[in-house]
Amino acid sequence: MTFTADSDLVAAVHVAENHEPRRGGVRPSLLILHYTGMSSAAKAIDWLARAESNVSCHYVIDEEGRITQLVPESLRAWHAGASFWRGETDINSHSIGIEIQNPGHQHGYPDFPAAQMHAVIALGKDIAQRHRMSADAVLAHSDIAPGRKIDPGEKFNWALLARRGLGLWVRPSSVHGDDPGLDAGACGSRVAAAQELLALYGYRIEPTGVLDELTSHVLTAFQAHFRPLRVDGRLDRSTELTLERLIGASDRRAAA
């Protein structure tokens with residue numbers, strides 16, 4: 001297969017083997033951001049393009065901001081894996097996936113360079129505008145697969161994206177050292193209320209009122225995206241207030 005890049009921002013096309021039509025003929029409505037977890041963008045591109053990898057993505061962005069496209073946006077790439085968002089489990093059919101070069105948490109987890117972030121924002125805005133994606137449709141891999149995936153992680157600057165017009169962000173509530181929060185096994189109305197709001201935003205979680213392992217994973221994913229100063233999977237007041245602000249901002253955007 002050969003194809004023409006979907007964006008003028010693309011510097012190179014490197015065709016991936018793993019792709020297929022989007023199931024049900026759906027159009028992409030979600031933008032999923034990942035990190036590669038590999039030592040270099042070249043190695044990531046090579047692996048993501050191979051049939052035996054059983055994975056692929058639409059774009060890879062290296063540390064210098066160079067963008068390579070591997071799968072046309074019209075096709076289904078294999079980047080999300082087992083995942084869920086707002087009732088949908090076939091995230092691959094409903095999304096476009098961008099892999100951002102970073103070796104990840106297991107290999108030092110360096111900061112994302114400014115040139116790379118600039119490219120993520122430029123490409124993300126281009127995709128979101130062309131596909132008319134809502135601000136709250138720009139997600140982390142960890143948002144759609146909490147516990148299984150942790151990328152792109154707490155160092156990724158979601159606030160910068162939002163200031164530049166990509167994604168939804170609210171000011172996180174201050175973290176207080178004297179509020180360690182509720183830990184695993186805690187029960188009650190506070191836990192149930194948080195679970196209800198997390199589910200309302202899109203995470204896969206049931207309002208059981210018990211801070212079980214799944215809830216801790218979802219809280220960790222939420223914190224890494226929206227309250228990155230302390231990512232611990234505990235339910236403190238800062239997390240609750242930030243979540244309430246996010247729901248309010250999402251509701252206002254939906255009403256507009």
Side-chain angles (χ1 to χ4, degrees), residues 6-11 28-36 57-67 73 85-86 95-102 104-105 109-144 149-175 197-198 200-203 219-231 238-256:
D6 287 297
S7 172
D8 292 339
L9 299 169
V10 171
S29 57
L30 301 172
L31 180 60
I32 310 300
L33 303 185
H34 311 249
Y35 64 41
T36 64
C57 66
H58 294 92
Y59 298 97
V60 174
I61 302 179
D62 71 13
E63 296 96 330
E64 288 74 41
R66 178 180 168 87
I67 300 169
E73 292 178 10
W85 193 253
R86 293 184 176 171
S95 66
I96 290 172
I98 299 177
E99 290 275 359
I100 304 161
Q101 172 54 32
N102 188 293
H105 289 79
Y109 192 38
D111 292 339
F112 295 87
Q116 186 178 56
M117 291 299 298
H118 176 79
V120 171
I121 292 166
L123 178 61
K125 288 179 67 175
D126 180 44
I127 292 169
Q129 289 167 1
R130 284 189 285 104
H131 294 281
R132 299 183 179 181
M133 295 177 178
S134 62
D136 57 5
V138 183
L139 303 169
H141 199 187
S142 54
D143 288 322
I144 62 172
K149 294 295 180 180
I150 59 173
D151 58 308
E154 67 280 1
K155 286 187 177 182
F156 189 75
N157 196 341
W158 295 97
L160 175 63
L161 264 66
R163 288 199 299 271
R164 301 287 176 83
L166 179 66
L168 183 60
W169 177 261
V170 295
R171 180 176 58 83
S173 177
S174 299
V175 175
L197 292 181
L198 288 163
L200 180 61
Y201 194 66
Y203 293 94
L219 285 169
T220 297
F222 172 80
Q223 290 165 344
H225 189 155
F226 296 104
R227 209 285 307 270
L229 185 61
R230 189 170 74 193
V231 180
S238 167
T239 299
E240 291 172 308
L241 290 173
T242 304
L243 177 56
E244 290 167 5
R245 289 176 185 171
L246 182 66
I247 295 298
S250 183
D251 288 345
R252 288 193 296 274
R253 283 179 176 266

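Only heavy atoms go into these numbers, but all of them, side chains included; no hydrogens, no water, no symmetry mates. Computed from a predicted structure; not experimentally measured.
- Here the CZ-CD1 distance, from R66 to I61, works out to 12.5 Å after rounding to the nearest 0.5 Å.
- Counting only distance, with no hydrogens or angles, the side chain of H58 and the backbone of G97 share a donor-acceptor pair below 3.5 Å.
- At least one side-chain heavy atom of Q116 sits less than 4.5 Å from a side-chain heavy atom of I100.
- Taking the six-membered ring where the residue is Trp, H105 and Y35 present tilted rings, their angle falling between 30° and 60°.
- Looking at every heavy atom in both residues, L31 comes nearest to G124 through CD2-CA, 3.8 Å.
- Annotation for G165 and K125: closest pair O-CG, 4.2 Å, computed over non-hydrogen atoms.
- The CZ atom of R164 lies 8.0 Å from the NE2 atom of H118; values are rounded to the nearest 0.5 Å.
- The minimum heavy-atom distance linking S174 with S238 is given by the pair O-CB, 3.3 Å.
- A heavy-atom distance below 4.5 Å is found between the side chains of N102 and P110.
- By the 4.5 Å heavy-atom criterion applied to side chains, L161 and L33 are counted as neighbours.
- Counting only heavy atoms from C-beta outward, the side chains of I127 and S7 never approach each other to under 4.5 Å.
- Heavy atoms of other residues, nucleotides or ligands lying less than 6.0 angstrom from CZ of R245 number more than 12.
- In this structure, P228 and V231 approach most closely via the heavy-atom pair O-CG2, 3.7 Å.
- D136 and S250 get closest at one heavy-atom pair: OD2-OG, 3.0 Å.
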request  = Please report the C-alpha distance between I32 and D143 in whole Å, then the side-chain angles of each, then the deciding distance to 0.1 Å, and finally whether the side chain to side chain contact (heavy atoms under 4.5 Å, CB included) criterion is met.
outcome  = CA-CA 9 Å; I32 310 300; D143 288 322; over 6 Å; no
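- Side-chain atoms of D6 and Y59, non-hydrogen and from C-beta on, do get closer than 4.5 Å to each other.
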ask   = Run the side chain to side chain contact (heavy atoms under 4.5 Å, CB included) check on V175 and R227 step by step: do they pass?
value = CA-CA 9 Å; V175 175; R227 209 285 307 270; 3.5 Å; yes
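- Annotation: side chain of E63 is not in contact with side chain of F112 (no heavy-atom distance under 4.5 Å).
- With K149 contributing its side chain and H34 its backbone, the two residues share no donor-acceptor pair below 3.5 Å.
- Figure legend: R86 and Y201 shown as a cation-pi pair, the cationic atom lying under 6.0 angstrom from the six-membered ring centre and within 45 degrees of its axis.
- A donor-acceptor pair shorter than 3.5 Å can be found between the side chains of Q101 and T36.
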ask   = Can you check side chain to side chain contact (heavy atoms under 4.5 Å, CB included) on F156 and H225, steps first, answer last?
value = CA-CA 8 Å; F156 189 75; H225 189 155; over 6 Å; no
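- The distance from the CD1 atom of I121 to the CG atom of D126 is 13.5 Å, given to the nearest 0.5 Å.
- Atom CG of L197 is separated from atom CG of L243 by 4.5 Å, given to the nearest 0.5 angstrom.
- Between D111 and N157 there is no side-chain heavy-atom pair separated by less than 4.5 Å.
- Taking all atoms of both residues into account, the shortest heavy-atom contact from C57 to V60 is SG-CG2, 3.7 Å.
- Atom CG of residue L139 and atom OG of residue S95 lie 9.0 Å apart, to the nearest 0.5 angstrom.
- Using a 4.5 Å heavy-atom threshold, the side chains of F222 and T239 count as touching.
- No donor-acceptor pair under 3.5 Å is formed between the side chain of S173 and the backbone N or O of T242.
- Note that CG of L30 and NE2 of H131 are 12.0 Å apart. Values are rounded to the nearest 0.5 Å.
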